Student: 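This structure is in C-alpha cells; I'll ask about it shortly.
Excluded from the calculations below are hydrogen atoms, water molecules and symmetry mates; all remaining heavy atoms, backbone and side chain alike, are included. Because the structure is a prediction, the values reported are computed rather than measured.
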Amino acid sequence: MSTTAGPPRPRRTPLPYGLLVPALAALLVALGYPLAREVVLAFQKFGLAQQFGRPPEWVGVDNFRELLTDPYLWRVALRSLVFCVVNAAVTMAVGVGLALLMQHMAKPVRILLQTGLLLAWAMPVVATLTVWQWLFDTQYGVINWVLAKSGIDYAGHPWLLNPMSFFFVATVIVVWMSVPFVAFTVYAALTQVSEDMIEAAEIDGAGPAQRLRSVILPSIRPVLLVVGLLQVIWDLRVFTQIYVLQQAGGSTRDTNLLGTYIYRLGIGGGDFGMAAAVALFMLVLTVVLTAPYIWAMLRQEED
C-alpha cells in the first residue's frame with residue numbers, strides 16, 4: 001500500500017522571534033516602566049513631601065476607595081465618556097463622508113480639498129487653539145459677529161463660560177483636527193475596493209445606497225474598525241484642547257475630563273498617588289470601551 005507524501009513542513013527557526021527582541025525591549029523600557037511606576041504610585045500616598053525626599057506611605061486601596069466613593073469622579077467619567085462617544089461618532093461620520101466624496105470629485109478639486117485637510121492636520125495644536133479662541137472670542141470673535149449680522153442675538157456671547165457651549169467649541173476643535181486622519185485613511189482604503197464588485201452590484205440593480213451598504217463598507221470594514229478604535233482612544237484621552245480652553249476662561253470644575261482631572265490632581269494639587277489611581281481607572285475604562293472593537297477585529301481575522 002503506497003502512501004503519498006505531503007508537502008514538506010517549513011523548518012522552524014527562532015530568527016523571527018529574535019528580530020522582535022529589540023522592539024519588545026524598547027516597548028518594555030518606554031511603556032513597561034511608566035506603567036509599573038503608575039501602579040505602585042496608585043497604592044501610595046505620594047505628595048509634595050515625597051518630592052523632597054520623605055519616603056512614600058503605602059496606603060493600599062485607600063486611594064481607590066476614596067475615588068470610587070467620590071461623586072465628582074463619576075461625573076467626570078460620564079462627561080468624558082459622552083464627549084468621547086460624540087466626538088468619535090462625528091469624526092468618523094464626517095471623515096468617511098469626505099472620503100466618499102473625494103472619490104467623485106474632479107482631480108483639481110480633490111487635490112485642493114486634500115491640501116486643506118493636510119494643512120489642518122499639520123497645524124500645531126497650540127496654534128490651532130489660538131485661532132479657534134480668536135474665532136469664538138466674546139468681544140472680537142468672528143463667530144459672534146457673523147451670528148449677530150445674521151439676526152441672531154449672540155453679540156458678546158461668552159462661549160467658554162457655559163459648560164455646554166464650552167464642550168461645543170471643544171468638539172468643533174477636536175473634530176476639525178481629527179477628520180483629516182480619518183478622511184485620508186478611509187480614502188486610501190476606498191481606492192483598493194474592487195471596481196468589478198461595484199460594477200457587478202450595479203448590473204444586479206443595486207442603487208448607490210445599496211452598493212455602499214453591501215459592497216463598499218464591508219470591503220473596508222477592517223480599516224473602519226482600526227480607525228474607529230484609534231478615535232475612541234484619542235478622544236477619551238483628549239487633554240490639550242480642554243486644558244487650553246479652560247485656561248482661556250472655562251470653568252475648570254464644570255469642564256474637567258479625565259485627562260485634565262488627572263493633571264490637576266497630580267501636577268496642580270501635588271497628590272500623585274491619587275492622580276495615578278485615576279489614571280488606572282482611565283486605563284480600565286479605555287480597555288472596556290475598546291474591547292468590542294478588538295473583538296470585532298479578531299473575528300474579522302478569523303473570517
Side-chain angles (χ1 to χ4, degrees), residues 2-44 46 50 56 58 61 64 84 88 91-92 95-96 99 117-118 121-122 124-125 177-178 180-194 217-240 258-259 262-263 266-267 272-273 275-303:
S2 61
T3 57
T4 304
R9 293 184 178 180
R11 183 181 176 184
R12 293 191 175 183
T13 171
L15 179 60
Y17 301 99
L19 294 175
L20 291 175
V21 170
L24 292 176
L27 284 174
L28 185 62
V29 172
L31 299 178
Y33 173 76
L35 180 60
R37 181 62 176 154
E38 178 183 298
V39 172
V40 173
L41 278 176
F43 293 94
Q44 293 178 336
F46 198 102
Q50 283 68 36
W58 186 267
V61 297
F64 294 98
C84 169
T91 301
M92 289 296 294
V96 173
L117 290 172
L118 188 61
W121 195 15
V125 178
M177 298 177 66
S178 303
F181 170 75
V182 177
F184 282 125
T185 306
V186 175
Y187 176 70
L190 288 172
T191 60
Q192 304 303 312
V193 177
S194 173
L217 292 182
S219 298
I220 63 172
R221 187 169 181 264
V223 174
L224 293 176
L225 287 174
V226 172
V227 174
L229 173 65
L230 292 174
Q231 280 304 135
V232 169
I233 294 173
W234 291 337
D235 290 336
L236 185 63
R237 295 170 57 250
V238 66
F239 170 79
T240 307
L258 285 171
I262 293 169
Y263 175 85
I267 304 300
F272 296 96
V278 180
L280 282 182
F281 173 82
M282 185 178 179
L283 177 62
V284 172
L285 184 60
T286 303
V287 171
V288 171
L289 285 178
T290 56
Y293 286 92
I294 297 174
W295 175 250
M297 285 190 290
L298 291 175
R299 291 190 61 184
Q300 183 78 21
E301 288 294 329
E302 293 176 359
D303 296 341

Student: Keeping the roles fixed (side chain from T185, backbone from V182), state whether a donor-acceptor pair exists under 3.5 Å.
Tutor: no
Student: Between atom CG of D235 and atom SG of C84, what is the distance when rounded to the nearest 0.5 Å?
Tutor: 5.5 Å
Student: When rounded to the nearest 0.5 angstrom, what is the spacing between CG in L258 and CG in L283?
Tutor: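 Here the rounded value is 11.5 Å.
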Student: Say you draw a straight line from CH2 of W295 to OG1 of T290; how long is it, rounded to the nearest 0.5 Å?
Tutor: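 Answer rounded to 0.5 Å: 14.5 Å.
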Student: Checking side chain to side chain contact (heavy atoms under 4.5 Å, CB included) for the pair V226/L230: CA distance, chi angles, key distance, verdict?
Tutor: CA-CA 6 Å; V226 172; L230 292 174; 4.3 Å; yes
Student: Nearest 0.5 Å, please: how far is CE in M92 from CG in L224?
Tutor: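 One finds 5.0 Å between CG of L224 and CE of M92.
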Student: Please determine if R37 forms a cation-pi arrangement with F46, meaning its NZ or CZ atom is less than 6.0 Å from the six-membered ring centre and no more than 45° off the ring axis.
Tutor: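 Judged by the rule (NZ or CZ under 6.0 Å from the ring centre, within 45° of its axis), R37 counts as positioned above F46.
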Student: Tell me if the aromatic rings of F64 and F281 count as close, with their centers under 6.0 Å from one another.
Tutor: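 Ring centroids of F64 and F281 are no less than 6.0 Å from each other.
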Student: So which heavy atom on W121 is nearest to which on M177, and how close?
Tutor: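 Looking at all heavy atoms of both residues, the shortest contact is CD1-O, 4.0 Å.
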Student: Is the W234 to F239 ring centre distance short of 6.0 Å?
Tutor: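 Distance test on ring centres: not under 6.0 Å, no.
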Student: Hey, are the side chains of L190 and V223 touching, using non-hydrogen atoms and a 4.5 Å cut-off?
Tutor: no
Student: Quick one, F181 and Q231 - any side-chain contact, counting heavy atoms below 4.5 Å?
Tutor: yes
Student: Could you grab the distance from atom CD1 of I262 to atom CE of M282, nearest 0.5 Å is fine?
Tutor: 5.5 Å
Student: Less than 4.5 Å apart, side chain to side chain, heavy atoms only: is that true for Y33 and L28?
Tutor: no
